[in-house]
Amino acid sequence: MAREDEERIVDNEEVSHPTDVDEVAGGRQDNELSLPSGGCCNPASRGHRFLALVFMCLLGFGSYFCYDNPGALQNVFKRDLNLTSTQFTLIYSIYSWPNVVLCFVGGFLIDRLFGIRLGTIIYMLVLLVGQLIFACGGILDAFWMMILGRFIFGIGAESLAVAQNSYAVLWFKGKELNMVFGLQLSVARFGSTVNFWVMQPIYDYVSNFYKGHRALGVVLLLATCTCVMSMICALILGWMDKRAERILQRNTNPAGQIPKLTDVFTFKPPFWLVSIICVAYYVAIFPFIALGQNFFVDRFGYTPAQANTVDSLVYLIAAASSPFFGLIIDKVGKNVTWVFTATLTTIGAHALLTFTQLTPYVGMSIMGLSYSMLAASLWPLVALIIPEYQLGTAYGFCQSIQNLGLAVITILAGIIVDHSGGEHMWLQLFFMGWLTIALIATGVIWAYNNKHRGNLNMTPAQRAQFVSAELYQHFE
Ligand SMILES: C[C@H](NC(=O)[C@@H](N)CCCCN)C(=O)O
């Protein structure tokens, strides 16, 4: 490839790799560049980025698939391991509690010590080991071992999600970032949904050869294969990223700043508001779905199987619609408006389910669409607020307080149900209250962003102008 062509590829915003201010200002000028020819092998090409995206998305598949294994085999767990409901819920809460702190530390370690590549591989390994211990606990009928496995799995899974977000920003910031977040969520939620479809039939098949807790342990061991597949993706992606960094001479921290845990105190108000939305929105979705089976049985007279089908609709619709919302948001920008709309329509969905006799399929479909709209517009906002060298810390912090919210609210939700004599109205009002907090926080971001002429609710064209203006100031 001629030298001029090589330089054109690197200088062209359309085809070059990361395009934020630091990148352009930082590392690339005057460098000797040797880009390999051939579309897909060239890390600056769109084809190459989309190949990396396939591995980025599959990173989360194993984690989401295995996270919901107990939910898909709830009756089997209780019967084969002789568990009470409280012991069963411990399998889920032991996942969240350590992450109230560890996810933040995990994100920081990506910024400060491991880097994204090594961090991803380490967290993937922790997750894999956790799932293996969980499965062995099943085979040996050792509940304590299963809880230990789930604890380790949780540490790996949430920090892996931080690494996955950081990879997305590194490869797609200023390009198709919202679509990439949507696609990642889509594959992840497809993982949860496939888990609900296949785990029971696999258990029934394995029961021909093993019985009771052994059969359960073997099925969990088979589920571990999805984590092995994700591990292979982490290794391939790590290799691709190292190669891209070398060829593009990428530098995400040109000023050589050293991230510190205390950096979080210097983050601007919109980041705190995004964190509040992250808690207030997700506590009205995940715990609602976790406790959804009883809601649909009591309120709509469904059988448990029918209730499960309608309950899992949110994830199924999110799996299908997230990339489309991402694509649209990439085209029109205005992330804050999308977050506001998603929160408002989620309140509407809860209201339909609570106050009307309309089939719950309508409310749950609206909730699925709203959830995917929110995920595709909210998480990319963090990358617009926080510099790249602190992104692990920032995403880690958001997920830490999200885990705190989920751990506490799931318990509170259980208490509300117990004290309202099976009447779900109060719990629904509780969820709608949290969504109202998310709505107010979004309004405050909008006002703050307007006042400070920020880029959070701009169109892509306005954002490009905004970046050039900042770059101009940078060199002035
Ligand atoms: C995108 C968002 N991610 C999260 O909520 C993270 N805490 C990762 C969850 C991992 C699954 N156990 C989402 O899933 O909507």
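One-based numbering, in listed order, for ligands and for the atoms of each.
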**Request:** Can you pull out the closest protein heavy atom to atom 14 (O) of ligand 1? Residue, atom name and distance to 0.1 Å, please.
**Result:** Y64 OH, 2.6 Å
**Request:** Classify the ring geometry between F295 and F288 as parallel (under 30°), tilted (30 to 60°) or perpendicular (over 60°).
**Result:** perpendicular
**Prompt:** What protein heavy atom sits nearest atom 15 (O) of ligand 1, and how far away is it?
**Reply:** Y371 OH, 2.6 Å
**Asked** Considering only protein heavy atoms, which is closest to atom 2 (C) of ligand 1, and at what distance to one decimal place?
**Response** Y282 OH, 3.5 Å
**Prompt:** Should you measure from each heavy atom of A161, which atoms of ligand 1 turn up under 4.0 Å away?
**Reply:** 8 (C)
**Request:** Look at the aromatic rings of Y95 and F153 and report parallel, tilted or perpendicular, splitting at 30° and 60°.
**Result:** tilted
**Message:** Taking only non-hydrogen atoms of R189, do any sit less than 4.0 angstrom from ligand 1?
**Reply:** yes
**Item:** Minimum-distance protein heavy atom relative to atom 12 (N) of ligand 1
**Value:** Y95 OH, 2.9 Å
**Asked** Between CH2 of W272 and SG of C398, what distance do you get to the nearest 0.5 Å?
**Response** 9.0 Å
**Message:** In terms of relative ring orientation, are F50 and F172 parallel, tilted or perpendicular, with 30° and 60° separating the classes?
**Reply:** perpendicular
**Request:** Measure N403 to ligand 1 on non-hydrogen atoms and call it side chain, backbone, both or neither using the 4.0 Å cut-off.
**Result:** neither
**Proximity flag F181 to ligand 1, non-hydrogen atoms under 4.0 Å** = no
**Prompt:** Going by the angle between their ring planes, with limits at 30° and 60°, are F190 and F61 parallel, tilted or perpendicular?
**Reply:** tilted
**Test: R150 cationic atom under 6.0 Å from Y92 six-membered ring centre, within 45° of axis** = yes
**Prompt:** Salt bridge between R250 and D241, side-chain N to carboxylate O under 4.0 Å?
**Reply:** yes
**Message:** Students should be able to answer this: which protein heavy-atom is nearest to atom 1 (C) of ligand 1, and at what distance?
**Reply:** W379 NE1, 3.6 Å
**Asked** Can you tell me how far the CD1 atom of I232 sits from the CZ atom of F55, to the nearest 0.5 Å?
**Response** 10.0 Å
**Asked** Of the listed options (Q399, Q184, E158), which comes nearest to atom 9 (C) of ligand 1 when hydrogens are ignored and any heavy atom counts?
**Response** E158
**Prompt:** Which part of A375 is near ligand 1, with near meaning a heavy atom under 4.0 Å away: side chain, backbone, both or neither?
**Reply:** neither
**Message:** With heavy-atom distances below 4.0 Å as the criterion, list the atoms of ligand 1 near L185.
**Reply:** 1 (C), 13 (C), 14 (O), 15 (O)
**Prompt:** Considering only protein heavy atoms, which is closest to atom 5 (O) of ligand 1, and at what distance to one decimal place?
**Reply:** Q402 NE2, 2.8 Å
**Complete:** Paired with N335, the side-chain hydrogen bond (donor to acceptor under 3.5 Å, both in side chains) test is passed by just one of N178, N449, N457, namely N178
